[in-house]
Peer 1: 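Please see the structure below; I have some questions.
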Amino acid sequence: MADTASLPSPCVLVLVGPAGSGKSTWAERWFTPRQVVSSDHLRALVGESEHDLAASKDAFGLLDIVLQQRLRRRLTTVVDTLGLDPAQRARYRELATAVGLPCFAIVFDIPPAEVRARNKVRGDAAVPAAVVAGQLRGWPAVLEALASEGFAAVLPPGPVALVPAALAESGSALVDAAPLSMRFGLQLPRFTWPGGPTATAGTLRDIAAAAEDAGFESLWVMDHFRQIPGMGQAWEDMLESWTTLGFLAAATERMRLGTMVTGITYRNVAHLGKIAATLDVLSGGRVVCGLGLGWFEQEHAAYGWEFPSRSDRYALLEDALQLLPLLWGPGTPAFSGRVLNVPEAMCYPRPLQDRLPILVGGSGERRTLRLVAQYADAGNLFGEAPTVRHKLEVLWRHCTEVGRDPATIEVTHLSTVLVGDDRFGVDSAVERLRPKRMSADRFAERVNAGTVDQHIGRFRQLGQAGVHTAILSLPDVEDPAAIARFARVIAALR
């Protein structure tokens, strides 16, 4: 059996081949009916049957509309037509390019005698022999044209698997890979586990213990007071972050503990410094203070907090980055910044760490990354390896401008990860966990659903791009097997 081609999801696949070359059969085998847009089926919808050639113009007009609507929603789509018309192929590529999706050609280069034989056994559905003969005469020109038409790739009709784009090429990173050392952290963005609030403490303790045993070196929680859009409903259970970290300090021994990240508007900054220092003492010196601009305006309104302008929040964040190290240091120095005035920056007991590290979340190139370069011990990024490389180039330029050694900044990276032992395990997990109103493809893309080997490749690429610590959330984290599976990724890259 041919090797399985891993195609990035979402994508567009244009089938190209004479009548009877096996296009529809291949599409039915490797894709669900909802993913296939067939000119034959649309001809039956607007005409008398799939073979009503008089309805072809209307069918292709409808196909264009359906394809546009599907691609606007970024849905993987298989275009099941003959694909012999270069203008039609160009139109499909144009629609895919407009929404940033790769477009592949699947070419059914079948021996002419086999095409004719297949057509004959189709009975009343057979295409006239003269039409097939004309398609076969023009086939060499089609093959020649495809090579230079601008498809992401021209592939034979072998086995395929849809894989989130971040993982589609990750297998290549496993081949002849140089040794690489990465650290891993686990983020807990949700607390909606079986058993409800009465079981939350026990589940949280079990997850923390399993993560520490698996080799995770840090444990992180979001700093929100209600669930954020895109993660769940506002009324979902959401634990207060620093209280939760205090619980986790008692439930763990080695992992560092942090917020990803604390909104700078949520607390009096000096009080926040006291909270972080207290936790550092009680955890044995394991705290990272994550700070961010704060963005969730509805959360501020719900709790009656002021939501300053973006410019004012940046001013507050910059003041905090200067105040907190003073607060955690010796003596009682006064601090006067752009918006903060603290007459006595005093905090005893001081943190156990000589310098309690501050991580700044966000990757805005003009202001946020410059604050990282000026003040922070770590900066958190998002995106895949090419994006990380670009953001780090920007950060290094800021470091040069402020006279900072880039090597003194830890680069962290946050993403969601769903891991399966094999493709069957991945697909089963996606189907089990996806919201019912979300397609399996969309959910798989959102959570980077892939096999252990694919994730080893992905994180290796991120490490080669400059990431030191990869922080991830697992959608099925309450399942001990999920943490155990990711332990194999950690072991491969540690």
Side-chain angles (χ1 to χ4, degrees), residues 5-16 27 30-32 34-37 63-81 83 86-107 146-155 160-173 229-231 362-366 381-394 413-418 426 430 434-435 437-450 454-455 457-458 461-462 465 467:
S6 294
L7 300 182
S9 176
C11 65
V12 180
L13 297 95
V14 177
L15 310 190
V16 184
W30 299 108
F31 296 88
T32 63
R34 63 178 173 79
Q35 293 173 311
V36 180
V37 180
L63 187 152
D64 194 90
I65 293 172
V66 171
L67 185 58
Q68 287 187 64
Q69 296 300 317
R70 286 185 59 82
L71 299 193
R72 183 169 64 84
R73 292 176 172 83
R74 298 183 62 80
L75 299 174
T76 290
T77 303
V78 179
V79 183
D80 183 10
T81 70
Q88 286 181 344
R89 297 195 301 269
R91 173 60 176 165
Y92 304 147
R93 291 195 307 275
E94 173 189 331
L95 291 175
T97 300
V99 294
L101 295 185
C103 187
F104 297 89
I106 309 298
V107 181
L146 283 168
S148 59
E149 284 187 348
F151 284 99
V154 177
L155 304 171
V160 297
L162 291 177
V163 177
L167 299 169
E169 299 297 329
S170 62
S172 61
M231 187 62 67
S363 53
E365 296 181 10
R366 186 172 65 89
L381 303 176
F382 303 90
E384 299 310 312
T387 300
V388 168
R389 289 190 183 94
H390 169 71
K391 295 293 183 181
L392 289 182
E393 287 174 0
V394 174
H413 178 277
L414 180 64
S415 65
T416 302
V417 169
L418 182 63
V426 172
V430 166
R434 71 178 175 90
R437 294 184 179 180
M438 185 181 295
S439 70
D441 293 347
R442 178 68 56 81
F443 182 72
E445 180 185 20
R446 175 175 291 188
V447 300
N448 291 302
Q454 286 171 334
H455 280 296
R458 174 181 180 245
Q461 290 173 336
L462 288 170
V467 172

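Each residue takes its place number in the sequence, starting with 1. Because the structure is predicted, anything quoted here is derived from the model rather than measured.
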Peer 1: Could you tell me whether the side chains of S439 and R34 share a donor-acceptor contact shorter than 3.5 Å?
Peer 2: no
Peer 1: Would you give the length of the straight line joining atom CG of D441 to atom CD of Q35, rounded to the nearest 0.5 angstrom?
Peer 2: 4.5 Å
Peer 1: Within this structure, what is the CZ-CG distance for the pair R70 and L95, rounded to the nearest 0.5 Å?
Peer 2: 13.0 Å
Peer 1: Indicate whether the side chain of Q88 and that of R91 have a donor and an acceptor atom separated by less than 3.5 Å.
Peer 2: no
Peer 1: Would you check if V426 and V163 make a side-chain contact, meaning some heavy-atom pair closer than 4.5 Å?
Peer 2: no
Peer 1: Is the backbone of A444 close enough, under 3.5 Å, to the side chain of R434 for a donor and an acceptor to pair up by distance?
Peer 2: no
Peer 1: Are any non-hydrogen side-chain atoms of V78 and W30 less than 4.5 angstrom apart?
Peer 2: no
Peer 1: Does the side chain of T77 reach to within under 4.5 Å of the side chain of L71, using non-hydrogen atoms?
Peer 2: yes
Peer 1: In this structure, which one of V154, V160, L155, V12 forms a side chain to side chain contact (heavy atoms under 4.5 Å, CB included) with F104?
Peer 2: L155
Peer 1: Using a 3.5 Å distance criterion without hydrogens, assess whether the side chain of H455 forms a donor-acceptor pair with backbone atoms of L418.
Peer 2: yes
Peer 1: Would you indicate whether the side-chain heavy atoms of T76 and L101 approach each other to under 4.5 Å?
Peer 2: no
Peer 1: Is any side-chain heavy atom of V14 closer than 4.5 Å to a side-chain heavy atom of C103?
Peer 2: yes
Peer 1: Kindly say whether F151 contributes a backbone atom to a donor-acceptor pair with the side chain of R93 at under 3.5 angstrom?
Peer 2: no
Peer 1: May I ask you to decide if V417's main-chain N or O and N448's side chain share a donor-acceptor pair within less than 3.5 Å?
Peer 2: no
